[in-house]
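The structure appears below as structure tokens.
So you know, we letter chains A, B, ... as the sequences are listed, proteins then strands, and number each from 1.
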Amino acid sequence: MKNLEIAEILNKMADLMEMLEIDWKPRAYRKAARTIENMSKDIRNIYEKGGEKALCEIPSIGKGIAFKIEQYLKKGKIKEFEQLKKKIPQGLEQIMNLPGMGPKKAIKLYKKLKIKNLKQLISAVKKGKIKKLEGFGKKSEKEILRAIELKKQSKGRQLLGVMLPIARKIKNELEKLSYVKRIEIAGSLRRRKETIGDIDLLIRSDKPEKVMGVFTKLPEVKTILAKGKTKSSIVLRLGIQSDLRVLPKESFGAGLQYFTGNKDHNIKLRKIAIKKKYKLSEYGLFKGKKQIAGKTEKETYQKLGMQYIEPELRENTGEIEAAIAKKLPKLIGYDDIKGDLQMHTAWSDGSESIEEMAKAAKKMGYKYIAITDHSKSERIAGGMDEKKLMKCLKAIEKARKKVRGITILKGAEVDILPDGSLDYSDKILKKLDIVVAAVHSRFKMNKNEMTKRICKALENKYVNILAHPTGRLIGERRPYELDLNKVIVTAKKNKVALEINAFPNRLDLNEGQARIAAEKGAKLVISTDAHQTDNLRYMEYSIAVARRGWVKKAQVINTKTLSELKKFLRKHNSTRF
DNA sequence: GCCGTTTTCGGCCCGACTGTTTTCAGTCG
């Protein structure tokens with residue numbers, strides 16, 4: 001995927017153009033960059049299939065930017081970018097991107113003081129040069145040093161599974177205050193993006209100053225970036241930024257809507273408001289000076305002439321158009337899951353017993369689970385040979401008698417070997433209620449070989465689920481080369497469900513891939529891959545992925561009742577169940 | 001540079017906070 005690379009270049013071009021005081025173009029470049037960054041399709045594929053014309057069909061990309069993308073894909077270089085770089089010293093971009101700095105200030109430092117990089121900036125501060133500059137002052141010097149320090153400590157984006165618990169903890173602390181009437185987590189966390197940059201909180205209270213006082217003095221706070229009457233920003237000890245906004249009752253819905261985003265979704269809504277001669281802000285929807293909506297999100301969307309849009313869909317990827325046409329899907333809900341179909345126990349690399357897992361799952365309200373420990377090739381993960389597997393199946397039978405009220409399916413996570421055969425013979429697979437197949441080795445095969453390998457495995461008559469279909473680990477490992485479309489078609493044809501794996505660093509399939517799979521009519525399964533009882537709670541993360549992928553309940557096999565599920569698992573194997 | 005039930009030209013989301021000012025520019029989300 002070249003998407004991220006291209007988005008980064010477009011953003012850098014926007015930076016440079018801003019410093020050159022070019023109007024409007026930077027905004028267009030940034031918008032295009034955001035679109036490309038959030039796209040689930042590979043931009044190179046789009047170009048190879050449809051050329052420049054196909055690129056122009058992507059919203060916010062026109063002839064100008066399409067031409068530059070083409071240059072980059074063909075030559076690995078963009079002429080105008082190279083020219084821009086010659087006009088502005090490289091280090092200036094770092095200065096401009098410091099918190100509190102921007103294009104205007106950065107270019108001023110360069111023009112007046114010949115400052116080209118961070119090092120020169122620090123030395124200029126120490127020599128007291130900055131405060132003499134028009135528009136800067138004593139505080140600016142302090143701010144600059146603090147910003148540089150802050151940048152060093154900043155952690156960047158973190159996994160949803162890391163950030164959501166932290167946000168909930170802060171929420172719980174503030175919720176205890178009597179004058180906090182309501183508190184919601186907003187921003188990308190509320191949209192449940194797979195990685196999160198900061199924690200946005202929204203509060204309804206009649207005593208905003210008091211709330212700000214408590215918020216900026218929380219024990220986790222390291223730095224206060226801004227503190228106002230209705231809006232404050234802090235940096236937590238962990239290097240994570242958190243913003244808090246306080247709104248009155250009549251504006252809470254509009255504020256929640258605004259603060260949830262994403263940016264392009266909001267901008268589009270505001271434009272629609274303007275067309276209807278309204279004005280939309282975080283304080284409400286206004287007709288002249290009169291507020292006509294904003295107490296709740298629902299009425300805000302309604303007054304704009306569309307269906308309510310779930311937070312997970314608000315990415316400007318077609319949801320607004322669908323909402324206007326009243327064609328939004330009814331998304332799978334967080335309570336729709338009836339069982340977890342991938343988990344590990346001490347029989348391979350898990351840490352707890354079958355019974356402990358079953359009890360914990362029952363407590364969560366599940367009707368069934370599958371125990372799916374590793375097959376023999378997974379030596380590192382304590383994979384089981386055939387003999388051990390048989391013992392494990394016996395142990396499952398025992399556990400069934402001990403833990404009533406939940407059905408424990410006999411399963412295994414079986415390796416797909418490099419040639420596409422499975423790690424157990426059909427004779428063994430036949431003894432299982434459910435077979436989860438997965439690639440755990442030879443990740444670097446070429447696209448053709450890998451696609452063939454996986455499709456061959458899917459054609460095995462005992463395979464029910466393809467686990468973590470792309471093998472990516474967020475921020476650690478790229479997905480393996482794969483023709484996912486072919487895999488989706490093959491899975492559908494062979495009655496195999498594609499997994500959305502809930503492990504916080506996996507989320508595999510991702511939202512875009514899940515959306516494509518669902519569109520093509522393949523079945524999905526949402527599983528935690530838990531290795532201990534505590535991991536079972538990860539389920540909500542992969543439900544979020546499904547929701548972000550526009551997935552409906554009926555498309556997910558573990559929303560079914562046990563008997564319906566069994567029908568799906570039976571496949572061509574009539575002896576099962 | 002992009003886009004179009006307001007337009008193929010002329011717009012381009014909207015408001016809070018900060019610092020340096022003394023009414024505002026720059027930055028941020």
Quick one about [Y] and [X] (side-chain donor to acceptor, distance below 3.5 Å, no hydrogens or angles considered), yes or no?
X	Y	answer
A/Ser60	A/Arg34	no
A/Gln291	A/Tyr283	no
A/Thr216	A/Ser232	no
A/Gln257	A/Asn266	yes

Spacing of the [atom1] atoms in [M] and [N] (rounded, Å):
N	M	atom1	result
B/dT5	B/dG1	C1'	24 Å
B/dC13	B/dG4	P	14 Å
B/dG11	B/dC17	C1'	28 Å
B/dT7	B/dC3	C1'	10 Å
B/dT27	B/dT20	P	14 Å
B/dT23	B/dG15	P	24 Å

Please work out if [X] contacts a base, only the sugar-phosphate, or nothing of the nucleic acid, heavy-atom cut-off 4.0 Å.
X	value
A/Lys268	nothing
A/Ile61	sugar-phosphate
A/Lys68	sugar-phosphate
A/Leu10	nothing

**Q.** Nearest-nucleotide 5' precedence on DNA chain B, A/Gly102 against A/Cys56
**A.**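 Residue closer to the 5' terminus by nearest nucleotide: A/Cys56.
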Q: Return the 5'-most residue of the pair A/Gly100, A/Gly62 with respect to DNA chain B, ranking by each residue's nearest nucleotide.
A: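 Taking each residue's closest nucleotide, the earlier one in sequence belongs to A/Gly62.
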Output the rounded distance in Å from [atom1] ([X]) to [atom2] ([N]).
X	N	atom1	atom2	result
A/Phe259	B/dC14	CZ	P	18 Å
A/Arg270	B/dG15	CZ	P	7 Å
A/Leu109	B/dG26	CG	P	13 Å
A/Lys275	B/dC3	NZ	P	13 Å
A/Arg190	B/dG29	CZ	C1'	17 Å
A/Tyr258	B/dC13	OH	C1'	9 Å

Q.
Just so I know, are the side chains of A/Leu113 and A/Ile130 near enough to count as touching, which here means a heavy-atom distance under 4.5 Å?
A.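 Touching, per the 4.5 Å side-chain cut-off.
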Q. Does a side-chain heavy-atom distance below 4.5 Å link A/Leu98 with A/Leu121?
A.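 Contact flag for A/Leu98/A/Leu121 side chains = yes.
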Q) Taking NZ, NE, NH1 and NH2 as the nitrogens, is one of them in A/Glu519 or A/Arg515 under 4.0 Å from a carboxylate oxygen of the other? A)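 Yes, this pair counts.
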Q.
One thing to verify: whether A/Glu143 and A/Lys105 come together as a salt bridge, which I'm taking to mean a side-chain N less than 4.0 angstrom from a carboxylate O.
A.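 No.
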Q | Strand-adjacent residues in residues 16-35 of chain A, judged by heavy atoms under 4.0 Å from DNA chain B | A |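 A/Trp24, A/Lys25, A/Arg27, A/Ala28, A/Tyr29, in order of number.
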Q: From the options B/dG15, B/dC3, B/dT6, select the nucleotide whose nearest atom is closest to the side chain of A/Ser60.
A: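 Nearest nucleotide to the side chain: B/dC3.
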Q. Closest to the A/Glu80 side chain: B/dC14, B/dG1, B/dC13?
A.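 Minimum distance to the A/Glu80 side chain belongs to B/dG1.
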(Q) Each nucleotide in nucleotides 16-25 of chain B should get exactly one letter: B, S or -. Can you fill that in based on protein heavy atoms under 4.0 Å? (A) SSSSSS----
**Q.** Candidates A/His265, A/Glu312, A/Glu315 - the one meeting side-chain hydrogen bond (donor to acceptor under 3.5 Å, both in side chains) with A/Arg191
**A.**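 Answer to the side-chain hydrogen bond (donor to acceptor under 3.5 Å, both in side chains) test with A/Arg191 among A/His265, A/Glu312, A/Glu315: A/Glu315.
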Q | Watson-Crick or G-U wobble partner of B/dT8, both distances under 3.5 Å | A |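 None - no nucleotide pairs with B/dT8, as no candidate has both distances under 3.5 Å.
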Q.
Within a 6.0 Å radius of atom NZ on A/Lys126, are there more than 12 heavy atoms belonging to other residues, nucleotides or ligands?
A.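 No, the 6.0 Å shell around NZ holds no more than 12 heavy atoms from other groups.
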Q | Cation-pi geometry met for A/Lys289 and A/Phe286 (6.0 Å, 45°) | A |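 So A/Lys289 doesn't make the cation-pi contact.
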